[in-house]
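First listed ligand is number 1; within each ligand, the first listed atom is number 1. Both backbone and side-chain heavy atoms feed into the values below; hydrogens, waters and symmetry mates do not.
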Amino acid sequence: MKRIDAIKKIMENVTDEVIIASTGMISRELHHVKDRPRNFYMMGSMGNALGIGLGIAISSEHKVIVISGDGAALMSLGTMVLHKKLDPGNLKHYILDNGCHSTTGGQPTCSDMVDFASLAPNTEVIIVSKEKGDSPRIPFSPKEITERFRNAISADNT
Ligand SMILES: Cc1ncc(C[n+]2csc(CCOP(=O)(O)OP(=O)(O)O)c2C)c(N)n1
Ligand SMILES: [Mg+2]
């Protein structure tokens, strides 16, 4: 399955959930498939999406979906353990595993050494193909994304 098709499938069941998308083509593809103010695109800082999602999940009643790549998930193994410890029922973590850093040229990861789904609750691995994809750049600045997202999830808009 292509990564963008996995994202389309995830989006089929999304209503009012907050979505935190990992750095790179995952964010671009989510933006391309369905841009919405409740999407936060973690531009630049790979490995941080789960920490942001976990923070929102434990401090609010929002249903939160985090979409990570395998490279990003490997960078946030400690956060996955914290996810297990805190175990918020309102957080779902998808890991789109293509065994590489597809966004930056396909450098291999060692995702085959880890059973991500066993590390934390509500964690689902979807195996996807390695191609980079061609979704265009997100036309918002990090500041615009943050402001739009903050506004969308603020107490007034729950
Ligand atoms: C801390 C940090 N390291 C490296 C990068 C460069 N970078 C951006 S996306 C990416 C690859 C992401 O790989 P993965 O999470 O597996 O997602 P994929 O591209 O395979 O869908 C890299 C290395 C970055 N933005 N931030
Ligand atoms: Mg990857």
**Student:** Check G106 against C100 and note the closest heavy-atom contact, atom names and distance.
**Tutor:** O-CB, 3.6 Å
**Student:** Less than 4.0 Å is my threshold; does some heavy atom of T109 fall inside it relative to ligand 1?
**Tutor:** no
**Student:** Is G44 close enough to touch ligand 1? Criterion: a residue heavy atom under 4.0 Å from a ligand atom.
**Tutor:** yes
**Student:** Looking only at protein heavy atoms, which one is nearest to atom 6 (C) of ligand 1, and what is the separation?
**Tutor:** T104 CG2, 4.0 Å
**Student:** Is S111 close enough to the Mg ion (ligand 2) to have an N, O or S atom under 2.8 Å?
**Tutor:** no
**Student:** Could you check atom 17 (O) of ligand 1 against the protein and tell me its nearest heavy-atom contact, residue, atom and distance included?
**Tutor:** G69 CA, 3.9 Å
**Student:** Within the 4.5 Å heavy-atom criterion, are L82 and L50 side-chain neighbours or not?
**Tutor:** no
**Student:** Can you list the ligand 1 atoms lying under 4.0 Å from a non-hydrogen atom of N98?
**Tutor:** 18 (P), 20 (O), 21 (O)
**Student:** Could you check whether any heavy atom of L96 sits closer than 4.0 Å to an atom of ligand 1, since that is the contact criterion I want to use?
**Tutor:** no
**Student:** Is any side-chain heavy atom of I26 less than 4.5 Å from a side-chain heavy atom of Y94?
**Tutor:** no
**Student:** Charged N to carboxylate O below 4.0 Å: is that the case for K143 and E147?
**Tutor:** yes
**Student:** If the cut-off is 2.8 Å, does any N/O/S atom of D70 fall short of it from the Mg ion (ligand 2)?
**Tutor:** yes
**Student:** Kindly say whether L91 contributes a backbone atom to a donor-acceptor pair with the side chain of N122 at under 3.5 angstrom?
**Tutor:** yes
**Student:** To check your reading of the model: name the closest protein heavy atom to atom 13 (O) of ligand 1, its residue, and the distance in Å.
**Tutor:** H101 CD2, 3.3 Å
**Student:** Is ligand 1 less than 4.0 angstrom away from at least one heavy atom of C100?
**Tutor:** yes
**Student:** So, is T23 polar-close to ligand 1, with some N/O to N/O distance under 3.5 Å?
**Tutor:** no
**Student:** Does any part of the side chain of E131, heavy atoms only, come nearer than 4.5 Å to the side chain of S102, both counted from C-beta?
**Tutor:** no
**Student:** Does any N or O in the side chain of S76 come within less than 3.5 Å of the main-chain N or O of N48, such that one atom is a donor and the other an acceptor?
**Tutor:** no
**Student:** For G71, take its heavy atoms, then give the atoms of ligand 1 lying under 4.0 Å from any of them.
**Tutor:** 14 (P), 15 (O), 16 (O)
**Student:** State the atoms of ligand 1, each with its element, that fall below the 4.0 Å cut-off from a heavy-atom position in T103.
**Tutor:** 9 (S), 18 (P), 19 (O)
**Student:** When you measure from atom 15 (O) of ligand 1 to every protein heavy atom, which one gives the shortest distance, and what is it?
**Tutor:** A72 N, 3.0 Å
**Student:** Do R38 and D16 touch side chain to side chain, with heavy atoms closer than 4.5 Å?
**Tutor:** yes
**Student:** Which part of M75 is near ligand 1, with near meaning a heavy atom under 4.0 Å away: side chain, backbone, both or neither?
**Tutor:** side chain
**Student:** Could you pull out, from M42, R28, M46, E29, the option with a heavy atom nearest to atom 3 (N) of ligand 1?
**Tutor:** M46
**Student:** Test your reading of the structure: does S22 have an N or O sitting under 3.5 Å from an N or O of ligand 1?
**Tutor:** no
**Student:** Does ligand 1 have an atom under 4.0 Å from some heavy atom of R3?
**Tutor:** yes
**Student:** Would you indicate whether Q107, at its atom CD, is surrounded by more than 12 heavy atoms from other residues, nucleotides or ligands within a distance under 6.0 Å?
**Tutor:** yes
**Student:** Count the heavy atoms belonging to other residues, nucleotides or ligands that lie under 6.0 Å from CG of D112, then report whether that count exceeds 12.
**Tutor:** yes
**Student:** Does some non-hydrogen atom of Q107 fall short of 4.0 Å from ligand 1?
**Tutor:** no
**Student:** At a threshold of 2.8 Å, where the distance has to be below it, does the Mg ion (ligand 2) have an N, O or S atom of C100 nearby?
**Tutor:** yes
**Student:** So, the side chain of S68 versus the backbone of S22: is there a donor-acceptor pair under 3.5 Å, distance only?
**Tutor:** no
**Student:** So H31 and Y41, would you call those rings parallel, tilted or perpendicular, with 30° and 60° as cut-offs?
**Tutor:** perpendicular
